[in-house]
Amino acid sequence: MDWTSAQLRSLVELTRRGTITAVADALGYTPGGVSQQITALEKATGMRLLRRVGRRVELTDAGATLAQHAERILTTEAEAVEALERTRNEISGTLRVGLFATAAAELLPPALRQVRERHPGVTVRSRDMDVDEVYDAVAGGTVDLALGLDYPDVPIPRDPSLRVMELSRERFSLAVPTGAMPGRADTSRPSRTSGASDTSGRAGPRKVSLADTRELGWILPSVRSYYGRAVLTACRRAGFEPQVAHEVTDTAATLALVEAGVGVSVVTDLMLRLRPSRLDVLELSETMERHIVVVFRSFAEHRPTVAALVDVLRTSTGRRPPRREHHGTDKLATR
């Protein structure tokens with residue numbers, strides 16, 4: 001059959017996402033471009049692959065059959081690329097990397113600097129995407145590897161075809177409007193041991209519980225997201241249902257709303273560095289974590305370029321600068 005990998009990938013993504021628009025967003029095409037790919041594939045096969053159902057499209061029996069085989073074809077193609085790459089004596093080539101906004105701002109730049117220094121023959125092409133979509137993007141071959149997040153309370157379902165490697169762990173703190181919880185705020189870096197003393201002899205800050213926020217409004221992403229479900233699970237374990245005042249996905253917008261005094265949210269050091277904000281950051285008595293992970297297809301683990309970039313990410317993620325400490329009345333959180 002006279003078809004292309006791009007045409008097959010469009011068909012496979014349609015089985016995952018359900019609409020032409022969603023496929024276009026995932027692959028970086030226009031909706032018209034995706035429609036052209038499918039039309040060309042129908043011409044190559046001589047069969048109708050899609051049918052209209054209202055405003056949506058669905059695969060015909062022929063389309064579903066071809067999509068099933070297309071996944072195997074694309075996997076075999078990727079394995080061939082990996083095998084050819086292993087025959088080279090140098091690490092070179094192009095890698096497509098998917099990543100979420102925080103990773104794009106804080107994790108990718110130092111990694112790219114190291115790649116340029118250690119592997120000048122490697123070209124990295126990155127794509128910003130919703131953090132909950134990076135796993136499907138890797139599984140579907142849209143990207144070669146991706147930076148993602150995993151939550152112990154709501155773990156991402158594991159696809160046997162994917163390798164998920166932990167890079168680092170972050171513990172959540174509570175971000176509240178300045179002075180919203182009198183007697184609780186501490187403008188220095190939060191102590192990890194309640195009641196402990198630092199080298200200056202000053203008592204460490206008191207820990208707060210998620211339950212202390214039961215009367216406050218929350219700023220959270222949708223509970224349809226893994227992050228939203230992780231926070232909801234932690235709050236329910238603390239014995240209350242969070243009152244969501246603002247449903248927001250963007251981290252910088254969340255920090256701005258906390259600063260404006262309209263609600264509270266949980267944050268990590270990495271999240272706090274996205275936007276300088278005047279707010280109080282309080283240590284939680286509950287342990288709530290997220291894991292920063294790199295995701296790639298299992299068969300690509302020994303692909304030289306993938307292995308090289310994973311090694312760089314492991315190194316650079318462990319070298320993130322510590323957050324700045326603030327004292328006195330200045331509660332500017334740039335962490």
Quick check against the 3.5 Å criterion: does [X] have a side-chain atom that pairs as donor or acceptor with the backbone of [Y]?
{"X": "Ser265", "Y": "Ile219", "value": "yes"}
{"X": "Ser168", "Y": "Ile292", "value": "no"}
{"X": "Arg163", "Y": "Glu301", "value": "no"}
{"X": "Arg125", "Y": "Leu95", "value": "no"}
{"X": "Arg290", "Y": "Tyr227", "value": "no"}
{"X": "Asp136", "Y": "Glu133", "value": "no"}
{"X": "Arg158", "Y": "Ile156", "value": "yes"}
{"X": "Asp144", "Y": "Val97", "value": "no"}
{"X": "Asp280", "Y": "Gly179", "value": "yes"}
{"X": "Ser10", "Y": "Ala6", "value": "yes"}

Nearest non-hydrogen partners of [X] and [Y], listed with the distance:
{"X": "His119", "Y": "Ala308", "result": "NE2-CB, 3.6 Å"}
{"X": "Glu286", "Y": "Ser209", "result": "OE2-OG, 2.6 Å"}
{"X": "Val266", "Y": "Met271", "result": "O-CE, 3.8 Å"}
{"X": "Ala103", "Y": "Pro109", "result": "O-CD, 4.4 Å"}
{"X": "Ser298", "Y": "Pro160", "result": "OG-O, 3.6 Å"}
{"X": "Pro155", "Y": "Asp150", "result": "CA-OD1, 3.4 Å"}

Measuring from atom [atom1] of [X] to atom [atom2] of [Y], what distance do you get when rounded to the nearest 0.5 angstrom?
{"X": "Ser225", "Y": "Asp132", "atom1": "OG", "atom2": "CG", "value": "6.0 Å"}
{"X": "Ile73", "Y": "Leu66", "atom1": "CD1", "atom2": "CG", "value": "6.5 Å"}
{"X": "Leu167", "Y": "Thr317", "atom1": "CG", "atom2": "OG1", "value": "4.5 Å"}
{"X": "Leu59", "Y": "Thr65", "atom1": "CG", "atom2": "OG1", "value": "9.5 Å"}
{"X": "Lys207", "Y": "Leu282", "atom1": "NZ", "atom2": "CG", "value": "13.0 Å"}
{"X": "Thr268", "Y": "Met288", "atom1": "OG1", "atom2": "CE", "value": "10.5 Å"}

Mind checking whether [X] and [Y] have side chains closer than 4.5 Å, heavy atoms only?
{"X": "Leu27", "Y": "Glu13", "value": "yes"}
{"X": "Tyr226", "Y": "Leu149", "value": "no"}
{"X": "Leu99", "Y": "Asp128", "value": "no"}
{"X": "Val134", "Y": "Leu147", "value": "no"}
{"X": "His246", "Y": "Val262", "value": "yes"}
{"X": "Val264", "Y": "Pro177", "value": "yes"}
{"X": "Leu210", "Y": "Phe240", "value": "yes"}
{"X": "Leu74", "Y": "Arg9", "value": "yes"}

Go through the steps to decide whether Asp153 and Arg237 satisfy the test salt bridge (Lys or Arg N to Asp or Glu O under 4.0 Å), and finish with yes or no. CA-CA 10 Å; Asp153 283 331; Arg237 191 164 53 236; 3.1 Å; yes
Any chance the side chains of [X] and [Y] put a donor and an acceptor closer than 3.5 Å?
{"X": "Trp218", "Y": "Thr213", "value": "yes"}
{"X": "Thr315", "Y": "Gln114", "value": "no"}
{"X": "Glu259", "Y": "Ser277", "value": "no"}

In one Ile/Leu/Val/Met/Phe/Trp/Tyr side-chain cluster, 4.5 Å: [X], [Y]:
{"X": "Val164", "Y": "Phe296", "result": "yes"}
{"X": "Val223", "Y": "Tyr151", "result": "no"}
{"X": "Leu232", "Y": "Leu216", "result": "no"}

I'd like to know if Arg171 and Asp269 make a salt bridge, using a cut-off of under 4.0 Å between side-chain N and carboxylate O.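 Not counted as a salt bridge, because no side-chain N and carboxylate O are separated by less than 4.0 Å.
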If you measure from the Lys or Arg side-chain nitrogens to the Asp or Glu carboxylate oxygens, is any gap between Glu42 and Arg48 under 4.0 Å? no
side-chain contact (heavy atoms from CB on, under 4.5 Å) evaluation trace for Leu145 with Leu309: CA-CA 9 Å; Leu145 72 163; Leu309 184 53; 3.7 Å; yes
Yes or no on side-chain contact (heavy atoms from CB on, under 4.5 Å) for Thr19 and Val57, after CA distance, side-chain angles and deciding distance? CA-CA 7 Å; Thr19 68; Val57 295; over 6 Å; no
Hey, mind stepping through Arg51 and Glu58 against side-chain contact (heavy atoms from CB on, under 4.5 Å) and telling me if it holds? CA-CA 6 Å; Arg51 57 171 164 261; Glu58 65 179 23; 2.8 Å; yes
Under 6.0 Å from the CZ atom of Arg72, do we count more than 12 heavy atoms belonging to anything else shown? yes
State whether the number of non-hydrogen atoms from other residues, nucleotides or ligands found under 6.0 Å of Met165 atom CE is greater than 12. yes
Within 45° cone of Phe299 ring axis and under 6.0 Å: Arg297 NZ or CZ: no
Residues Phe100, Thr251; criterion side-chain contact (heavy atoms from CB on, under 4.5 Å); working and verdict: CA-CA 11 Å; Phe100 57 101; Thr251 298; over 6 Å; no
